[in-house]
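All of these numbers come straight from a predicted model, not from anything done at the bench. To find a chain, count down the sequence lines: A is the first, B the second, and so on, and within it residues start at 1.
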Amino acid sequence: MTFEPLHAGFYEQPTLELARALLGKRLVKETPEGTAAGWIVETEAYIGPMDRAAHSYNNRRTARTEVMFGPSGHAYTYVMHTHCLVNVVSGGEGNPEAVLIRAVEPFEGIGLMISRRGPVKQASELASGPGKLTKALGITPADYGLPLTAPPLYIAEGREPTEISVGPRIGIPNSGEAKDYPWRFWEAGNPCVSGSRRLRTAPG
DNA sequence: AAGTGGATTGGCT
DNA sequence: GCCAATCCACTTG
């Protein structure tokens, strides 16, 4: 099954707005094994030169960050420890900004996701983290630089998120003030958001 | 040429 | 909560 990709203009909005707007959209990856897709339920914004947590902090331009300096709407993939993470490039040409996709809710190709991820207790755990979702959807470092406006990797219209929560980003304790910026967005109460299992016992 | 440190995850205490 | 797994970009010599 194929969905209609969002047009390139969608990615022209400011990065913080884009991070919100991506919630509820569908992230789709087509491979020879089949199509896997999920609703985006968690994102984080990384805003170039002034964001110490961003790889492009201080306009650092290297082979890895090169795609961030290019046009919006392309994929920035990179390897973290043993996992691949995927970002949506934003900010427009010359502005190295991006939105990290941190979690999706499985929508299509769930059997395929299970075969890639191995057995999980709950379907909500299949893609409830930035490294999990790339494995579940089959996104790899080979997807670096791909436009998100056409197969095999693209984002399509989805649903309206019920309620959006905002908070500081995850896993950047050594980034000075930047660690407290409220640049993480997620669907309130959605069990597919990263860390949901951990937080389930301590809600307010 | 070698060392360092992650935008993580899963398993064990 | 702690820690190993395991890889690569980037820095330093």
message: Can you confirm if the NZ or CZ of A:Arg102 lies within 45° of the ring axis of A:Trp186 and under 6.0 Å from the centre of its six-membered ring?
response: no

Taking only distance into account, with no hydrogens and no angle test, what donor-acceptor pairs under 3.5 Å do side-chain atoms of residues 8-19 of chain A form with protein atoms, sequence neighbours excluded?
from	atom 1	to	atom 2	distance (Å)
A:Gln13	NE2	A:Phe10	O	3.0
A:Thr15	OG1	A:Ser90	OG	2.7
A:Thr15	OG1	A:Glu97	OE1	2.5

query: Side chains of A:Thr134 and A:Arg116: donor-acceptor distance under 3.5 Å anywhere?
result: no

- prompt: Hey, does the Lys NZ or Arg CZ of A:Arg64 hover above the aromatic six-ring of A:Tyr144, less than 6.0 Å from the centre and inside 45° of the axis?
  reply: no

query: When Watson-Crick pairs (N1 to N3 and N6-O4 or O6-N4) and G-U wobble pairs (N1-O2 and O6-N3) count only below 3.5 Å on both distances, what is the dot-bracket string of DNA chain B, with | for other-strand pairs?
result: ||||||.|||||.

Distance flag, aromatic centroids of A:Tyr78 and A:His55, threshold under 6.0 Å: yes

message: I'd like to check A:Asp51 versus A:Trp183 (side-chain heavy atoms, cut-off strictly below 4.5 Å). Are they in contact?
response: yes

query: Can you give one letter per nucleotide of nucleotides 2-13 of chain B, going 5' to 3': B for a protein heavy atom under 4.0 Å from the base, S for sugar-phosphate only, - for none?
result: ----BBBSS---

field: Ring centres under 6.0 angstrom apart (A:Phe3, A:Phe107)
entry: yes

